[in-house]
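Shown next, in C-alpha cells, is the structure this report addresses.
Numbered from 1 within each chain, the chains take letters A, B, ... in sequence-line order.
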Amino acid sequence: MDTIITRFPPSPTGTLHIGGARTALFNWLYAKKTNGKFILRIEDTDTARSTKESVDAILESLKWLGIDWDEGPYFQTERYDIYNEYIEKLVESGAAYYCSCTPDEVNVMREEAKARGLKPMYNGKCRQKNLKKSDNTVVRLKTPDSGVTIVKDIVKGDTAFQNSEMDDFIIQRSDGSAMYNLAVVIDDITMGINTIIRGDDHLINTPKQMLIYKALGADLPVFGHVPMVLGSDKSRLSKRHGAMSVGEYEKMGFLPDAMINYLVRLGWSHGDQEFFEKNDLIEKFDLEHLGRSASMFDTDKLVSLNSKHIQNKSPEELADPLLFHLKNIGINARNDAFTQGVIETLQPRSKTLVDMAQGAVFYYQDTVQFDEKAAKKFLKPDILPVLQKSVDYIEGLENYTQEELETVFKQIMDETDLKFGKIAQPLRVAITGTTVSPGIFEMLLALGKEKTILRIKRAIHFISESGLFQDNA
RNA sequence: GUCCCCAUCGUCUAGCCCGGUCCAGGACACCGGCCUUUCACGCCGGCGACAGGGGUUCGAAUCCCCUUGGGGACGCCA
C-alpha cells in the first residue's frame, strides 16, 4: 500500500478554532496511525484577510495540541508560478478558457438563472469565443453540461452531483492569481496528498475539484467529509457560543490531551471507550468509525474529560502547565519536589488547571488569609489545647511521615476526648484559611514540617489575640 | 429559490452496512444514596432516546419511500 499522505490547510484569517483543530487532528492521527505523512499548508491566497499573526497563532495552537507536521508549512502565495503553469496547461488543452465578462454582467446571468428556478450560475457566454489573455480576463474551467460527477466519500458514501448544476467557475482571477479550488487541487496533486479529510462544508466543492483532477489526468485522492461542529443551539459554532479558539481553552486550564480526547470523540468513536491517551488514539483511530451527523460542542463533557486527564497524569507532567496558570494569578513557583507534592494533593479535586492553581494558592502564601466565617466558627479558644498539642507533638517528630502524623493525632484525640472531625476542621482553617482543602495528612505532608508548625502557631496567636479583644469588649 | 448533507436519551455516542441476541448499551449533565476529616475522587441507583407517517418482512432503531426538522453550499472568499 502507498504511504498515506494527509494535510491540514488552514487559511490564516484568525486563530485555530475548534472545528479546524478537529480536522487537523483527524488527518494527523490517520497519518500517524498508518506511518504516513502529515503536511501543513497555509492557504493565504486571500491576501486581504490573511495575516502573519494568524499564521503564528495557528502554528502555536497546533504545537500546543501536540500536532506536528512532517512537511511545511507551505504557503500558497509562494506557489503562484506553479498554479499558473497548470492553468496554462488547462487553457491549452481546451479544458479552460479566458472570459471577459464583468462581475456586473455575471450578476445579471445569476439573476436570470434564479428567475428560471435554477441555481445562480454563469452562463458560459465566453466559452466559444476563444479569447486571449488580457488585463481583465479571468480563466474559467469548462464544466460538462450533462452527466453526473459522483463523489465517493468514505464517510458520506456516494453522492451524485448533476454536472448541469455546476457553472464554469473561475480558476484564475483577472489579476492573475489562482482561486481556491484550483490552488487546492494543484497543491494536493503536487504534494502527493492521497487522503483528504475535511469539513462537509467542502463537500459541494468536491465535484468541482474532481473536474480539475480529471482535466489534468491526475489520480483522485480518497475523500472523507466530516460533519461540522455546532454550537449549543445547533447553529454553526461562533463567538456568541463562547470560546471557540484553541488558545482560549488553554487559558481556561484545559490540558492538550483532554482537548484532543474530546475533539476526536466528537464525531468518531471506538465502541464505548471515552477516555483516550494520545498513543491510544494513534493506535485505535480509523476512518470507518467517523460519524455522519453534526455534533454540538459541550463544555461540560470537555471539563469532565479534563479532570480525568489531570488525574491520570503524573505530578511531574502537570507541573509546568500548572506553573503557567499560577503565574497568571501572581504566584511564581518552581517545578520542584514541593510543587509536585502540592499537585498530588490537588489532582483528584481539580477539573481544570485554573482550579488547581486556585486550590494551590494557600501552599505558596507566607501568611494565609483567614476566611472570616471559617475563623469565627473554628478558630475559637476551646480548640487552643488541640492546636498547642499539635505543635508540640509535631515538633517532636523524628520522621515527618503520614504514619507518624496519624499517631500524633490519635494521641491528641485520646487526650482531648475529641473525634477527629472536631480536630480536623480547625486545623484545616489554621493551615489553609478556609474550610475546603485536600485531606489533612496529605496536605500537611505536602506543606512540610516547618510551615505546618509555623501556621498552627500563627493560628494560636490569632485566637489568643481575638480572645483578648473579646474580653475587652 | 436551487442543490447537497444529516436525523438514537438534554448533550456526545454504541448498535444501522450484514433485520431477530435492543421493551436499545455506555459517557457527560441532573437527581438520590454509600464512603468520609472539609471539598472532591470513587462506588451504587434513578431519570432519560430509535423525529413522524407509510411500506417491505413472520419480525425493523436497522432496508425502501414520503413528510417534518436541522445543517451546509450556491463569490474575481477559503
Listing time: all N or O pairs from protein to nucleotides 75-78 of chain B that are below 3.5 Å?
from, atom 1, to, atom 2, distance (Å)
B:G75, OP2, A:R110, NE, 2.7
B:C76, OP2, A:R110, NH2, 3.1
B:C76, O2, A:S174, N, 3.1
B:C76, O2, A:S174, OG, 3.0
B:C76, N3, A:S174, OG, 3.0
B:C77, OP2, A:R173, NE, 2.7
B:C77, OP2, A:R173, NH2, 3.1
B:C77, O3', A:R173, NH2, 3.1
B:C77, O2', A:D46, OD2, 2.5
B:C77, O2, A:R49, NH2, 3.4
B:A78, OP1, A:T45, OG1, 2.7
B:A78, OP1, A:R173, NH2, 2.4
B:A78, OP2, A:R173, NH2, 3.2
B:A78, OP2, A:Y180, N, 3.2
B:A78, O3', A:E43, O, 3.4
B:A78, O3', A:E43, OE1, 3.4
B:A78, O2', A:S11, OG, 2.7
B:A78, N6, A:N205, OD1, 3.4
B:A78, N6, A:N205, ND2, 3.4
B:A78, N1, A:N205, ND2, 3.3

I'd like a list of close polar pairs between nucleotides 32-34 of chain B and the protein, N/O only, cut-off under 3.5 Å.
none

Nucleotides 4-11 of chain B: which of its N/O atoms have a protein N/O under 3.5 Å away?
from, atom 1, to, atom 2, distance (Å)
B:C5, O2', A:K156, NZ, 2.6

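Under the rule for a side-chain hydrogen bond (donor to acceptor under 3.5 Å, both in side chains), A:Y86 has no partner lying at least two apart in sequence or in another chain. A:Y364 meets the side-chain hydrogen bond (donor to acceptor under 3.5 Å, both in side chains) test with A:T339; sequence neighbours excluded. Every ring pair (Phe, Tyr, Trp, His ring centres under 6.0 Å) that A:F276 has, sequence neighbours left out, goes to A:W268. For A:S295, the side-chain hydrogen bond (donor to acceptor under 3.5 Å, both in side chains) criterion is met by no residue, not counting sequence neighbours. In this structure A:K156 satisfies the side-chain hydrogen bond (donor to acceptor under 3.5 Å, both in side chains) test together with A:D200, sequence neighbours excluded.
A donor-acceptor pair is defined here as one N or O able to donate and one able to accept, closer than 3.5 Å; no such pair exists between the side chain of A:S350 and the backbone of A:T352.
Spacing of P atoms, B:C28 relative to B:G45, comes out at 14 Å, to the nearest Å. Taking the P atoms as reference points, B:U21 lies 16 Å from B:G15, given to the whole Å. Comparing B:C12 with B:A73, their C1' atoms are spaced 26 Å from each other, to the whole Å. Separation of the C1' atoms belonging to B:C16 and B:C50 is 11 Å when rounded to the nearest angstrom. Of the P atoms belonging to B:C3 and B:G75, the separation is 16 Å, rounded to the nearest Å. Atom C1' of B:U11 sits at a distance of 34 Å from the matching atom of B:G1, rounded to the whole Å. With both ends at atom P, the span from B:A27 to B:C41 equals 15 Å, rounded to whole Å. Taking atom C1' in both B:C6 and B:C43, the straight-line distance is 39 Å, to the nearest Å.
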Could you go step by step and tell me if A:H202 and A:F223 meet the ring pair (Phe, Tyr, Trp, His ring centres under 6.0 Å) rule?
CA-CA 10 Å; A:H202 284 287; A:F223 291 106; over 10 Å; no
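The CD atom of A:Q425 sits 12 Å away from the C1' atom of B:U36 (whole-angstrom rounding). For the pair A:H289 NE2 and B:C17 C1', the computed distance is 11 Å after rounding to whole Å.
The listed nucleotides are B:C3, B:U13, B:A29; the one nearest the side chain of A:S269 is B:U13. Across B:G71, B:U38, B:C41, the shortest atom-to-atom separation from the side chain of A:P348 is found for B:C41.
Under a cutoff of 6.0 Å and an axis angle of 45°, A:R140 and A:Y122 form a cation-pi pair.
Screening residues 400-412 of chain A for side-chain hydrogen bond (donor to acceptor under 3.5 Å, both in side chains), with sequence neighbours left out, gives A:Y400-A:T452, A:Q402-A:E406, A:Q411-A:E415. Under the salt bridge (Lys or Arg N to Asp or Glu O under 4.0 Å) criterion, the residue pairs touching residues 96-122 of chain A are A:E105-A:K125, A:K119-A:E165, with sequence neighbours excluded.
Take the nearest nucleotide of RNA chain B for A:F420 and for A:L266: the residue whose nucleotide is more 5' is A:L266.
In the region residues 435-446 of chain A, proximity to RNA chain B at under 4.0 angstrom, judged on heavy atoms, holds for A:T435, A:V436, A:S437, A:P438, A:G439, A:I440, A:F441.
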Could you encode protein contacts along nucleotides 62-69 of chain B as a string, one character per nucleotide from 5' to 3', using B for base contact, S for sugar-phosphate-only contact and - for no contact, with a heavy-atom cut-off of under 4.0 Å?
--------
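Base orientation at B:C16 is anti, since its O4'-C1' glycosidic dihedral falls outside 90° of 0.
Side-chain atoms of A:T47 and A:S50 include no donor-acceptor pair closer than 3.5 Å.
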